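Keep in mind that this is a model prediction, so the values were computed, not measured. We count residues from 1, following the sequence as given. Atoms within a ligand are numbered from 1 in the order they appear, just like the ligands themselves.
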Amino acid sequence: MTTNLQRELETMLPAEDRLLDPADCWAYGADNSRLHALPEAVAFPRDAGAIVELVRLCRSLRTPLVVRGRGTGTTGAVVPVHGGLVLSMERMNRILEVDPANRWLVTEPGATNSEVQQAAGQHGFFWPPDPTSSAFCSIGGNLGCNAAGPRAVKYGTPRDNTLGLAAVAGTGDPLRTGVYTTKGVVGYDLTRLLIGSEGTLAVITEATLRLTPLPETRQLLQAVYRDMRAAAAAVARIMAQPATPCALEFMDAAAIGMIRGYADTALPEQAGAMLMIEVDGARAQIGLAAEAVRRAASGDGCLAIEVAATPEDAERLWRTRKALSPALRNIAPKKINEDVVVPVSRIPDLIDGLQALGRRYGITIVNFGHAGNGNIHVNLLVDPEDPVQMQAAERCLDEVFTLVLALRGTLSGEHGIGLVKREFVRRELDPAALRLMRGLQRVFDPDGIMNPGKSLPDALEAT
Ligand SMILES: Cc1cc2nc3c(=O)[nH]c(=O)nc-3n(C[C@H](O)[C@H](O)[C@H](O)COP(=O)(O)OP(=O)(O)OC[C@H]3O[C@@H](n4cnc5c(N)ncnc54)[C@H](O)[C@@H]3O)c2cc1C
């Protein structure tokens, strides 16, 4: 049966800019969470004008609208759980302007992260956010969930690296936020509000990204520790000295065990934790920065520090780290993948607590991630066919979040809330803040059409 939305789209958009057949729409119902729901239709807008029309159409029909980048998100944020229209931004992928003198790049949201890095790189610049998925994920998706990566420890996240946006609010009104300058304080900061809002307030149609000059060179160090406490103490020492690394990644003993399984590596037998530390900067100063970091990384419990001798060596070591996440999929039927954050000095308490929870619930937990930010990817390895284990995992996860909040942490550093973490949000946000956020949501989206069921708990639950 043809729905009202489908009928309207047939007249509004040329056939090549829409999908209406359920078989064609199927692929647009999922993301990397592996959750799925079938949308009523998919549209491929080519400019902001088309988006204004589509938002207004959805508003008039009271139909949900889910804006989608490339669907690499891990939280079900683009799964159309209430049906409606999926707005796929993949055809709005032009890089519009690169301005080296003013250090900005203007792009449409459908460009991939790596396309932006390439365009900026031709002028000697880069955009700091660097998710491991950069070859596939879109700038709109990076902004939608404030996605980052290893470089955030020195250079920050999309919120720190975006000057302004063009967007279409859930009212159907186009708007511009932010400035083209590196200073500016006129009005409320709607740019930071829209970044991380997971498509629940507005569709971002253009972004002015703040660029940083490419460093002349890098130096990678790999430090191995007897145990997690020793590694965490080293992280605190490294972060307390002035040569801030451009990456400070951590792996626990379980992650090291996995690496042994698939990579050719000569890590000491007693290795209980590992740090990968990279410094960048001017050629004349890199030796001093590397030495300062090496000194901070040494100390009680440090078993070995290897300095990558060549760029190829560094590339090999990074490949090992980046293969960890996909490798987890191969050793367990399912991984429940969280990206909690705690203050850097509380990392040892977090890891101790996680190990205790793993033992209590009989679940293997593998931890790695961006230690310099205290952002740890906590992976519960489970078998979805085992109902007893799945129940235990649910209780364990609940306690993981309790632990993180007790350590003054936050539920998500970069993956966002989406569908899967919604019920925990009330534990982190106080009721007054949550009410104000709901109010903001109503201003941007009075009819509740923008990605409903995501990011914040339902209004009733929020009161
Ligand atoms: C192998 C792998 C590695 C990963 N590594 C990392 C990592 O290192 N760091 C990290 O942070 N994440 C990582 N991710 C998660 C994911 O890639 C990022 O969150 C990425 O930013 C999602 O981009 P996307 O284009 O796929 O967005 P989608 O998944 O399509 O959407 C993500 C969110 O953004 C919103 N959105 C998309 N476009 C717009 C728009 N134009 N306007 C408003 N909202 C919009 C969506 O509604 C949704 O809420 C990884 C994923 C995979 C599969």
| query | Would you call Pro150 a ligand 1 contact, heavy-atom distance under 4.0 Å? | reply | no
| Leu96 vs Glu108 side-chain heavy atoms within contact, under 4.5 Å | yes
| field | Asp31 heavy atom under 4.0 Å from ligand 1 | value | no
| field | Donor-acceptor side-chain pairing of Thr191 and Thr177 below 3.5 angstrom | value | yes
| query | Of the choices Ser197, Gly413, Pro131, Ser33, which has the non-hydrogen atom that lies closest to atom 6 (C) of ligand 1? | reply | Pro131
| said: With a heavy-atom distance limit of 4.0 Å, tell me whether Lys454 approaches ligand 1 through its side chain, its backbone, both, or neither. | reply: neither
| field | Of the listed options Met92, Glu90, Glu198, Glu206, closest to atom 49 (O) of ligand 1 (non-hydrogen atoms) | value | Glu198
| said: Taking Leu35's backbone N and O only, do any of them form a donor-acceptor pair with Ser33's side chain (distance below 3.5 Å, no angle check)? | reply: yes
| query | Do Arg91 and Asp17 sit within salt-bridge range, that is, some charged N less than 4.0 Å from a carboxylate O? | reply | yes
| message | With a 3.5 Å distance limit and no angle check, can you tell me whether Asn142 reaches the backbone of Pro158 through a side-chain donor-acceptor pair? | response | no
| For ligand 1, which atoms sit closer than 4.0 Å to a heavy atom of Pro109? | 41 (N)
| Quick one: do Glu206 and Arg176 make a salt bridge, cutoff under 4.0 Å? | yes
| said: Under a 4.0 angstrom heavy-atom cut-off, which atoms of ligand 1 come close to Gly144? | reply: 34 (O), 35 (C)
| query | Do ligand 1 and Arg68 have nitrogen or oxygen atoms that lie under 3.5 Å from each other? | reply | no
| Is Arg59 salt-bridged to Asp445, going by a charged N under 4.0 Å from an acidic O? | no
| Under 3.5 Å, is there a donor-acceptor pair between the Thr200 and Glu198 side chains? | no
| query | Of the backbone atoms (N, CA, C, O) and the side-chain heavy atoms from C-beta on, which set of Ala148 has a member under 4.0 Å from an atom of ligand 1: side chain, backbone, both, or neither? | reply | backbone
| task | Can you figure out which of Val78, Thr74, Leu87, Leu201 has its heavy atom closest to atom 31 (O) of ligand 1? | result | Val78
| remark: Quick look: Ala202 vs ligand 1, heavy-atom contacts under 4.0 Å, and the answer is backbone
| query | Does an N or O from Gly71, backbone or side chain, lie closer than 3.5 Å to an N or O of ligand 1? | reply | yes
| request: Would you mind listing which atoms of ligand 1 come within a distance below 4.0 Å of any non-hydrogen atom of Ala77? | output: 48 (C), 49 (O)
| task | Select the closest option to atom 16 (C) of ligand 1 among Asp130, Thr72, Asn32, judged by heavy-atom distance. | result | Thr72
| ligand 1 atoms in contact with Gly69 (distance to a heavy atom under 4.0 Å) | 25 (O), 28 (P), 30 (O), 37 (C), 38 (N)
| remark: Checking heavy-atom distances from atom 52 (C) of ligand 1 to each of Gly416, Ser133, Gly418, the winner is Ser133
| query | Using heavy atoms and a threshold below 4.0 Å, how should the contact between Val67 and ligand 1 be classified: side chain, backbone, both, or neither? | reply | both
| said: Under 3.5 Å between any N/O of Ile204 and any N/O of ligand 1: does that happen in this structure? | reply: yes
| request: Establish, from distance only, whether the side-chain atoms of Asn113 and Gln117 form a donor-acceptor pair under 3.5 Å. | output: yes
| said: With a heavy-atom distance limit of 4.0 Å, tell me whether Asn451 approaches ligand 1 through its side chain, its backbone, both, or neither. | reply: side chain
| Pair Thr157, Asn146: side-chain N/O donor-acceptor within cut-off below 3.5 Å | yes
| Quick one: salt bridge (Lys or Arg N to Asp or Glu O under 4.0 Å) partners of Arg70, sequence neighbours excluded? | none
| task | Walk me through it: do Glu338 and Lys421 pass the test salt bridge (charged side-chain N to carboxylate O under 4.0 Å, His left out)? | result | CA-CA 9 Å; Glu338 296 303 332; Lys421 266 169 282 187; 3.4 Å; yes
